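Here the structure is laid out as structure tokens; the discussion comes afterwards.
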Number of protein chains: 2
Amino acid sequence: MMTELKEKLAENKTLSRLERERFIAMFKAMGNPIRYEMMEYMLKFPGCNTTNIVDHLPIAQATVSQHLKVLKESGLVSGELEGPATCYCLNDENVNWFKETVQRIF
Amino acid sequence: MMTELKEKLAENKTLSRLERERFIAMFKAMGNPIRYEMMEYMLKFPGCNTTNIVDHLPIAQATVSQHLKVLKESGLVSGELEGPATCYCLNDENVNWFKETVQRIF
DNA sequence: AACATATATCGTATATTTACGATATATAAG
DNA sequence: CTTATATATCGTAAATATACGATATATGTT
């Protein structure tokens, strides 16, 4: 019956309204070349801070901050204060949920 | 050695410039609520035509057609002429590539 | 408290996306 | 070849996203 449950979950192609909104927000967040690059950078350098990201990209600090906000709001990225800086990482839990949901839905 | 190759491919987190562009275009395409709904609809009703989709959505035919173009250009969706109508389906090959790439990259 | 450093937010210009009605195109039927 | 039906494209208005400089906030240091 554990197996049956797993199969049921694996086949279930519906999301609650909030899950669906989050799922779409994640697609939207990654559907921008700058933000996609940021995701790749954080994957490569977990714990990097805003300055690292700004140095790595051809855009102004204010714009980086704006993009980080979109990524954070989608749930894909987490930032935690470390002294005067903020360290950014992929939010593993939410990224895994995204990956599982992609497999499940399509 | 087949196993090693598989592992190598599974771990490879880089995409060519064109693959990367397509990957981002797919995220962008699905990052819109109307287009996401269209994807779900085509998943549920493969081979549906534009009229079916128009009837299912709260937007004008011209707008549906525009969104379908975005989905087609991303590679996620294929349309083939069937008489005077166009039948739409998810492009399984490309959707599977997307799913595999999501697993591989993140 | 004053200062330096790191990041976020504000205001705003520009670019892109979204949506529509009108119109063009393309196929099948008569 | 005219008509009906299905879809795509055009032109355009309105909404949203992107980018920037200027400024605010927040933390650690002196």
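Just so we're on the same page: letters track the sequence lines, and every chain starts at 1. Just so it is clear, the structure is predicted and the values come from calculations on it, not from any experiment.
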Choose from D:dA8, C:dA19, D:dT7 the nucleotide whose nearest atom is closest to any side-chain atom of B:N49.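 The answer is D:dT7, which lies nearest to the side chain.
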
In this structure, how many angstroms lie between the [atom2] atom of [N] and the [atom1] atom of [X], rounded?
X	N	atom1	atom2	value
B:E80	D:dA6	CD	C1'	16 Å
A:N32	C:dT17	CG	P	10 Å
B:F27	C:dT17	CZ	P	17 Å
A:E82	C:dT7	CD	C1'	14 Å
A:E73	D:dA17	CD	C1'	13 Å
B:L81	C:dA26	CG	C1'	8 Å
A:L57	D:dA19	CG	P	10 Å
A:M38	D:dT18	CE	C1'	12 Å

Quiz item: Would you say the side chain of A:Q61 and the base of C:dA8 hold a donor-acceptor pair, judged only by whether the two atoms sit under 3.5 Å apart?
Solution: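 Flag set: donor-acceptor pair detected.
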
Go through the N and O atoms of the side chain of A:Q66 and the base of D:dA17, and report whether any donor-acceptor pair is under 3.5 Å.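 Looking at the base of D:dA17, it does not pair with any donor or acceptor on the side chain of A:Q66 (distance under 3.5 Å).
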
Counting N and O atoms only, with roles assigned by atom type, does the side chain of A:D55 sit under 3.5 Å from a partner on the main chain of A:N52, one being a donor and the other an acceptor?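 Not at all, since once roles are kept as given, no pair shorter than 3.5 Å links the two residues.
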
Are B:V70 and B:L57 grouped together when hydrophobic residues (ILVMFWY) are joined by side-chain heavy atoms under 4.5 angstrom apart?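 Shared cluster, no.
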
Check your understanding: Is it true that B:V77 and A:F23 fall in one hydrophobic cluster, defined by side-chain heavy atoms closer than 4.5 Å?
Key ->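 Linked within one cluster.
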
Just checking [X]: base, sugar-phosphate only, or nothing, at a heavy-atom cut-off of under 4.0 Å?
X	result
B:T86	sugar-phosphate
B:A60	sugar-phosphate
B:T50	sugar-phosphate

- Steps toward salt bridge (charged side-chain N to carboxylate O under 4.0 Å, His left out) verdict (A:R17, A:E21): CA-CA 6 Å; A:R17 192 177 62 77; A:E21 276 169 18; 2.8 Å; yes

Answer yes or no: does a side-chain N or O of [X] lie under 4.0 Å from OP1 or OP2 of [N]?
X	N	value
B:R35	C:dT17	no
A:H67	D:dA17	no
B:K28	C:dT16	no
A:T51	C:dT5	no
B:T63	C:dC20	yes

### Task
On the 0 to 90° scale, with breaks at 30° and 60°, tag the B:Y36-A:F106 ring pair as parallel, tilted or perpendicular.
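Perpendicular, since the angle between the ring planes exceeds 60°.
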
